[in-house]
2 protein chains.
Amino acid sequence: MRKPAPDIVVGRLPLYLRALGRVLDTSESDHISSKQLSEMLGMSPAQIRKDLSLFGDFGKQGTGYDIAYLIEQLENILKLSNEWPVVVVGAGHIGKAVANYQGFSHQGFRISRLFDADAKKIGQMVGNVEVQDVAELERTVRSDGIKVGIITVPAGFAQETCDRLISAGVQSILCYAPIYLTVPTGVRVRYNDPVVQLQRLTYYLDE
Amino acid sequence: MRKPAPDIVVGRLPLYLRALGRVLDTSESDHISSKQLSEMLGMSPAQIRKDLSLFGDFGKQGTGYDIAYLIEQLENILKLSNEWPVVVVGAGHIGKAVANYQGFSHQGFRISRLFDADAKKIGQMVGNVEVQDVAELERTVRSDGIKVGIITVPAGFAQETCDRLISAGVQSILCYAPIYLTVPTGVRVRYNDPVVQLQRLTYYLDE
């Protein structure tokens with residue numbers, strides 16, 4: 001058993017996966033060098049080689065990485081070989097956009113449940129799922145065995161939603177609400193907030 | 001002139017800012033220790049002190065950080081003291097959710113333009129902006145002096161949209177399309193894709 005990789009490295013694996021998927025669709029070669037990959041990603045080739053070496057010996061000096069094989073290995077490492085069912089809580093603008101998003105398929109995820117508290121929304125179809133009453137959240141998530149949740153409720157309801165998801169067995173949460181969630185050890189949260197992303201970019205702008 | 005901070009540190013400043021904003025709204029004290037801040041963020045106090053020390057001497061041993069002062073300093077560092085006008089290209093589900101998002105105000109940004117190529121969408125109001133014909137993109141973005149752009153078009157149109165934004169003067173881009181963008185030196189891109197975020201979380205799940 002390898003020791004767990006640093007989270008910052010884990011965070012780069014999906015980027016490698018995405019770039020490789022793009023190469024697989026467009027490249028004439030079935031191999032790629034760390035240099036070519038680095039040019040797609042704006043990183044150094046040494047960083048890529050070092051990151052990947054934490055998980056195994058995937059490349060060969062001279063020929064580089066076998067694209068299909070490296071994709072398969074990264075999918076195994078990230079546990080994406082099967083589709084994870086995902087619960088979305090909040091059927092507002094963002095929740096609907098997420099539930100309609102076509103990018104999940106073949107990437108390891110399937111939106112399987114969508115909840116809202118608004119009686120007017122309950123029963124509506126969004127993408128392939130029907131909006132369900134949030135009162136049924138715990139029971140449904142638990143009986144489906146769902147581990148992955150996306151929170152798209154307003155900030156004021158996000159912590160409560162988070163607590164309910166966790167009590168129903170969810171361990172991975174993507175939060176769109178502009179708030180910090182308090183979670184117990186073993187539960188991981190990522191934040192997909194456009195403000196935080198933009199604020200990181202303005203540092204580099206000339207005023 | 002300080003030398004530029006590592007991007008990874010810059011990326012944590014918006015998180016500090018967000019946590020501090022929350023504390024300012026709820027705390028009875030006007031100071032916060034790195035330990036308290038670290039508990040909100042799930043990081044070590046030493047990391048927070050080290051990050052902040054790259055930008056100045058903001059805290060005092062014993063009393064911690066003055067919350068309002070640190071917020072002001074972080075806003076200055078991240079150049080958020082004025083509102084940046086933001087252009088959104090693509091008025092689909094995600095573009096509409098972004099344009100409707102209330103979280104930008106008082107955080108340094110204002111959605112000022114929204115473009116789409118679909119004649120049926122042009123002229124519609126989304127949030128506070130009217131959807132404009134993307135044919136007018138370069139002229140409008142240049143005359144407004146907009147530096148920040150959000151791309152919410154389908155993946156197949158994202159690179160072209162990116163090129164057009166850059167030619168019109170945009171230097172900071174947040175991309176929701178599941179694609180890697182090629183940009184010239186000096187332009188920075190962040191990706192807000194739920195798939196990449198979720199893939200980073202599944203690594204930690206038990207299968």
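Letters A, B, ... mirror the listed sequences (proteins, then strands); counts begin at 1. Everything numeric here is computed off the predicted structure, so don't read it as measured data.
Between chain A and the options I150(B), L181(B), L174(B), V86(B), the largest number of non-hydrogen pairs under 4.5 Å is found for L174(B). Of the listed residues L15(A), I94(A), T182(A), V183(A), the one with more heavy-atom pairs under 4.5 angstrom with chain B than any other is L15(A). Listed options Y191(B), Y176(B), Y204(B) were ranked by heavy-atom pairs under 4.5 angstrom with chain A; first place goes to Y204(B).
Judged by distance alone, with hydrogens and angles left aside, the side-chain atoms of Y203(B) form no donor-acceptor pair with the main-chain N or O of D7(A) at under 3.5 Å. Put simply, the side chain of T202(A) gets close to the backbone of L78(B): a donor and an acceptor are under 3.5 Å apart.
Summarising the local packing, CZ of F157(B) is surrounded by 12 or fewer heavy atoms from other residues, nucleotides or ligands at distances under 6.0 Å. Annotation: D163(B), atom CG; neighbour count of heavy atoms from other residues, nucleotides and ligands within 6.0 Å is above 12. Counting non-hydrogen atoms of neighbouring residues, nucleotides and ligands closer than 6.0 angstrom, the CG atom of D30(A) exceeds 12 such neighbours.
Contact of V148(B) with chain A is made through the side chain alone, with heavy-atom distances under 4.5 Å. For V189(A), the part sitting under 4.5 Å from any heavy atom of chain B is the backbone (N, CA, C, O) and nothing else.
With rounding to the nearest 0.5 Å, the separation of CZ in R200(A) from CG in L17(B) is 14.5 Å. Atoms CG and CG, on N192(A) and N192(B) in that order, are 4.0 Å from each other to the nearest 0.5 Å. For the atom pair R188(A) CZ and L205(B) CG, the distance stands at 10.0 Å (nearest 0.5 Å). Annotation: the span from H93(B) atom NE2 to Q102(A) atom CD amounts to 8.0 Å, rounded to 0.5 Å. In this structure, CZ in F109(B) is found 5.5 Å from CD in Q199(A), a value given to the nearest 0.5 Å. Remark: R190(A) CZ to L201(B) CG distance equals 7.0 Å, nearest 0.5 Å.
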**OP:** Just do the salt bridge (charged side-chain N to carboxylate O under 4.0 Å, His left out) check on R18(B) and D193(A) with the steps written out, would you?
**Re:** CA-CA 11 Å; R18(B) 164 146 300 171; D193(A) 181 68; 3.2 Å; yes
Subject >> Verdict with reasoning, W84(A) to L198(B), per side chain to side chain contact (heavy atoms under 4.5 Å, CB included) >> reply: CA-CA 10 Å; W84(A) 295 95; L198(B) 290 179; over 6 Å; no
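Looking at heavy atoms from C-beta onward, P194(B) lies in side-chain contact with Y101(A) at the 4.5 angstrom threshold.
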